[in-house]
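So you know, we letter chains A, B, ... as the sequences are listed, proteins then strands, and number each from 1. Predicted, not measured: the structure shown is a model, and the values here were computed from it.
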There are 2 protein chains.
Amino acid sequence: MHSEIDVVKRISIKDVALKAGVSIASVSYVLNNKIDSRIGKDTIEKVKKAAEELNYRPNNVAKSLKTQRTHIIGLIVADIANPYFSQIARIIEDEANKIGYTLLIGSSDENAEKFESLINMFCDRQADGLIIAPVENTKACLQKLQKQKMPFVLIDRHFPEIEADTIQINNYDISYKVTEHLINNSYKNIHLVAYKTHLEHLLQRTQGFKDALKKQTSEKNNILNINKDDIDQDINSGFEDLFKNSKIKPDAVFFTSNKLAVSGLKKLMKLGLNIPQDVAIVAFDETEAYELFATPLTFVRQPLAAIGTTAVEILHNKITNQLAPLQHIVLNAELHIDQSSQPKIN
Amino acid sequence: MHSEIDVVKRISIKDVALKAGVSIASVSYVLNNKIDSRIGKDTIEKVKKAAEELNYRPNNVAKSLKTQRTHIIGLIVADIANPYFSQIARIIEDEANKIGYTLLIGSSDENAEKFESLINMFCDRQADGLIIAPVENTKACLQKLQKQKMPFVLIDRHFPEIEADTIQINNYDISYKVTEHLINNSYKNIHLVAYKTHLEHLLQRTQGFKDALKKQTSEKNNILNINKDDIDQDINSGFEDLFKNSKIKPDAVFFTSNKLAVSGLKKLMKLGLNIPQDVAIVAFDETEAYELFATPLTFVRQPLAAIGTTAVEILHNKITNQLAPLQHIVLNAELHIDQSSQPKIN
DNA sequence: AAGTTTTGCTTAAACGTTTAACTTAATTAT
DNA sequence: ATAATTAAGTTAAACGTTTAAGCAAAACTT
């Protein structure tokens, strides 16, 4: 019955050096296999054996302090519980791991203050670079980042005034295409459900819709702008108006995000409307939820994998070469057509 | 036209000390407001002003190296893209931030090797503690963690053989209750869709079902065990058998996870079955997808918020007091009853 | 055989903090 | 007036690494 030592000292490079009977420098050289520094074969063996036996694991905190590299990439998404972002996060995590980086994820909840505190957190933790889906009113914050020479790349969203690496989709074009698709399928009273926002990428979606619609004569207010903080409520009242109180009812609805689509579809179900007989639907983004909807949905599919991988690629580039030229990648979303927007029959 | 210095040196405590005209120790004392060490009012002012003007931000890497605390909590989930885990992650992140911790999230994909490498990553990064939803065949890995005195708490899942802090739900009871509910509503041929697994919490769900069913006479094989890597495929063939080829068809199905439920519901839609007329449904977990299903679903709702907050609480406890007694928290899931399991009418 | 190069390894400084121990000056006690 | 105490600050070591520079011995040159 012997008393145990309670505090387990973590094995450091020092312990390995001691056990192997060499200097700590040698251990470091061997374990990082810096073959340029000339270490003898038997020393290499001794060190490896000692490290193995002691179950040595390097202390990344110390390593980072010395090398000024944490090998941490920060990711700021608007909402990690939104499948769009959680899918991207997953892809980015994999991709980052592949090249030896750890991903630190933060969720801003579309809140500029939380966003800024996340940025600060990442800076304080000395992240090597950031992948950011910025929220409204964060231009100043991004500019501060640039002054500090923190490498970052914007995904999903961007600010035209800010000169930064960006990865976006063809928001305007795909939105134009969706609207055209509905027009071609003989829908006459097409409505858009969008966010009340200043975010450029969403404005582009709206603009694409508007421009495509100019082809038609109808020139009413056929855009429903939703407050992101009251989605269900705004959609409820908006759809009540449109489908119960209005004289000429929409025969097609295009939702510009998955959250809007899910909320809208719920309401349409409650209103007892049939898709696409009563109203055609096109949704944005892909989410598991669509699969349980009675009518297979037409939706815009974003190239999530490509967004994630190029984000990591460009950021990595930026990290290793500060003066890499700016890149503005535009990836094409694709229109997946299904029953919910099939040609109108009447 | 003057040439700019390209490399922005980050402001360190040293710069602040220089600017304020005091020693770096004083700066440290002021900025961490260690009032016990006596610093004069004017010095405090000078330091704060200098730090402010220089826009000083502490280097957490250096701080961690010295204090041996990273204020990082690691979270390992099975799949961050699964809403069950992404919701929990969100809650845990908030909760961790509240008490000054940063959350580092890893997704193991139910893969023991990836799990182990995540554990190693967290250890190497000197996380202060871990919140873990372990996967199969990781007992040894957890035991290693214990030897290293890394504080951790298990959520969702646990191993009976491992003495650790755990947070689980009343898997057996809730499953028993679900089954009882279906029996009470006159369903006679109730089937369970579960995973082919050794994970204790899932076995408990199955056992609860079995035991509740003993009340009934029927003693056939009414459990469909699904391989987690071929969910859609296994459910497809399983349901084909049950609903097309078998003589006496199920009149109720209980799914033991959200992924099984979503996959199963998709198949039932394809088979053209009506819920609950043709077959009653109870699902597990809550997910947005359920809301778009034609019939409002009866499901088991896990107390996600409570799981997250208690996980952080217990872990924090463990971190600050290594010898805090072990805790085994069992939280109650609740049965949300809706149309999909309404009393059978015939 | 003397000089040069190569090989193999060690020494020591540095990264940016924290904090115990120390110093010095001012204040209080005797 | 001197000793003891307190207040306000500084010095320096340490955390666990990396890596430039140094050094001695061995191996080559000539």
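Comparing the helix axis at one end of the helix from C:dA1-D:dT30 to C:dT30-D:dA1 with that at the other, each defined from 5 consecutive pairs, gives an inter-axis angle of 50° (nearest 10°).
Distance B:Ile13 CD1 to C:dT17 P: 5 Å, rounded to the nearest Å. Look at CG on A:Leu31: it is 8 Å from P on D:dT18, rounded to the nearest Å. Look at CD1 on B:Ile11: it is 16 Å from C1' on C:dC15, rounded to the nearest Å. One can place NZ of A:Lys66 at 10 Å from P of D:dT18, the figure rounded to the nearest angstrom. If you measure from atom NZ of B:Lys14 to atom P of C:dT17, you get 10 Å, rounded to the nearest angstrom. One atom, CZ of B:Arg10, and another, C1' of C:dC15, lie 13 Å apart when rounded to the nearest Å. Counting to the nearest Å, the C1' atom of D:dC15 and the CG atom of A:Asp15 are 13 Å from each other.
Here A:Lys114 pairs with A:Asp109, B:Asp94 under the salt bridge (Lys or Arg N to Asp or Glu O under 4.0 Å) rule; sequence neighbours left out. Residues meeting the ring pair (Phe, Tyr, Trp, His ring centres under 6.0 Å) test with B:His201, sequence neighbours left out: none. Not a single salt bridge (Lys or Arg N to Asp or Glu O under 4.0 Å) links A:Arg38 to another residue, sequence neighbours left out. Under the side-chain hydrogen bond (donor to acceptor under 3.5 Å, both in side chains) criterion, B:Lys46 pairs with no residue at all, not counting sequence neighbours. Applying the salt bridge (Lys or Arg N to Asp or Glu O under 4.0 Å) rule to B:Glu161 yields the partners B:Lys139; only residues at least two apart in sequence or on another chain are considered. Applying the side-chain hydrogen bond (donor to acceptor under 3.5 Å, both in side chains) test to B:Ser26 and every residue at least two apart in sequence or in another chain returns B:Ser23.
Applying the 4.0 Å criterion to OP1 and OP2 of D:dT19, one finds that A:Lys34 has a side-chain N or O inside that range. Between A:Ser28 and D:dT18 there is a side-chain N or O to OP1 or OP2 distance below 4.0 Å. Contact between the side-chain N/O atoms of B:Gln68 and the OP1/OP2 oxygens of D:dG16 is found at a separation under 4.0 Å.
Within the structure, the ring pair (Phe, Tyr, Trp, His ring centres under 6.0 Å) test picks out no pair touching residues 135-165 of chain B (sequence neighbours left out). Residues in residues 318-328 of chain B take part in these side-chain hydrogen bond (donor to acceptor under 3.5 Å, both in side chains) pairs, two or more places apart or across chains: B:Asp165-B:Lys318, B:Thr166-B:His328.
Non-hydrogen atoms lying under 4.0 Å from DNA chain C are contributed by B:Pro58, B:Asn59, B:Ala62, B:Lys63, all within residues 58-65 of chain B.
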Distances under 3.5 Å between nitrogen or oxygen atoms of protein and nucleotides 8-12 of chain C:
residue: C:dG8; atom: N7; partner: A:Arg38; partner atom: NE; Å: 3.4
residue: C:dG8; atom: N7; partner: A:Arg38; partner atom: NH2; Å: 3.3
residue: C:dG8; atom: O6; partner: A:Arg38; partner atom: NH2; Å: 3.2
residue: C:dC9; atom: OP1; partner: A:Thr43; partner atom: OG1; Å: 2.3
residue: C:dC9; atom: OP2; partner: A:Gly40; partner atom: N; Å: 2.4
residue: C:dC9; atom: OP2; partner: A:Thr43; partner atom: OG1; Å: 2.9
residue: C:dT10; atom: OP1; partner: A:Ser23; partner atom: N; Å: 3.4
residue: C:dT10; atom: OP2; partner: A:Ser23; partner atom: N; Å: 2.8
residue: C:dT10; atom: OP2; partner: A:Ser23; partner atom: OG; Å: 2.8
residue: C:dT10; atom: OP2; partner: A:Ser26; partner atom: OG; Å: 2.7

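Interatomic distance, A:Ile155 CD1 to A:Ile88 CD1, rounded to the nearest 0.5 Å: 4.5 Å. For the atom pair CG of A:Leu304 and CZ of A:Phe85, the computed distance is 10.5 Å after rounding to the nearest 0.5 Å.
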Donor-acceptor contacts, no H, no angles, side chain residues 73-83 of chain B, under 3.5 Å, sequence neighbours left out:
residue: B:Asp79; atom: OD1; partner: A:Arg90; partner atom: NE; Å: 2.9
residue: B:Asp79; atom: OD1; partner: B:Ala81; partner atom: N; Å: 2.9
residue: B:Asn82; atom: OD1; partner: B:Tyr84; partner atom: N; Å: 2.9
residue: B:Asn82; atom: OD1; partner: B:Asn258; partner atom: ND2; Å: 2.9

